[in-house]
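Both counts, for ligands and for their atoms, begin at 1 and track the order of listing. Because only heavy atoms are used, hydrogens play no part in the values below, and waters and symmetry mates are left out as well, while side chains stay in.
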Amino acid sequence: MKLICLGSSSHGNCYILKASNEVLIIECGLPMIEVKKALKFDISNIAGCIVSHQHRDHSKYLPEFLKCGIRVLALEDVFNSFPTLKNRVFCKNIEPMHGYKVGGFKVYALPVVHDVPCLGFVIEHSEMGKLLFITDTMMLEYRIAGLSHIMLEANYSDELLEDAISNGRTLSSTRERLLESHMEIKTTEQILLSSDLKAVNEVVLLHLSGRHADAEQFRTRIAKAVGKPVYVANSGIEINVSKLPY
Ligand SMILES: [Zn+2]
Ligand SMILES: [Zn+2]
């Protein structure tokens, strides 16, 4: 099983989980052509696409994905946020605290805390084990046992945010919005340190802010804290997320 990160920021989020004979897409915030290129134009075995919430950096290309015949699973308000969406044949409404089958992938939706309704996901597959995907949330109430892989938001650090505010690059009103909607690096660290990491192969940091994050600093900080390989989900990065990678 391979994880391909096509984008992980406010400019567009999209990830591909590629098993030996099927594919799950997480988020449709980048054009379908990017997905096609990453899959060498073979999109016949895409089992579906799961979408966390309606913000356009996660959902902008939903109509295009549907036109390609991809089944999209999302909260009803994500579909409703596209008023021109007439044909809902490939739309599947999902709800927090419910589980869904998408091909051989089992997806469980968790509620998270953002400024619009938003889901995190626990995704299971026989080739991968259990993967936690959490983005666009100020915190996470749940701790999931037996995880093999963790993809977790690390949006900003208080220090870099305060620097940007004090030298006028960021409006001070941004502070309040971020506090209630995105994950600060200490929260990311605390969640990991209070989780059962025994079977975790690696941690992938998501949705880093362009102005209020430092990728290398965040990566080394989290790697030191958890003692596992840590990656930043830069565009184009591919990570082996097989159950037993070595
Ligand atoms: Zn976002
Ligand atoms: Zn968002």
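In summary, of the residues considered (L178, T135, L208), a side chain to side chain contact (heavy atoms under 4.5 Å, CB included) with N155 occurs for L178 alone.
If you look at H11 and H207, their ring centroids are not closer than 6.0 Å. Taking the centre of each ring, F90 and F65 stay at or above the 6.0 Å mark.
Between the NE2 atom of H58 and the NE2 atom of H207, the angle centred on the Zn ion (ligand 1) amounts to 100° when rounded to 10°.
With hydrogens and angles disregarded, a donor-acceptor distance shorter than 3.5 Å links the side chain of Y108 to the backbone of M97.
The nearest N/O/S atom of D57 to the Zn ion (ligand 1) is OD2. Of all N/O/S atoms in H55, ND1 sits nearest the Zn ion (ligand 2).
Residue C118: no N/O/S atom is found under 2.8 Å from the Zn ion (ligand 2). With 2.8 Å as the limit, D136 counts as an N, O or S neighbour of the Zn ion (ligand 2). For the Zn ion (ligand 2), the N/O/S atoms of H53 include one lying under 2.8 Å.
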Go through the steps to decide whether R143 and D196 satisfy the test salt bridge (charged side-chain N to carboxylate O under 4.0 Å, His left out), and finish with yes or no. CA-CA 8 Å; R143 297 295 177 269; D196 169 16; over 6 Å; no
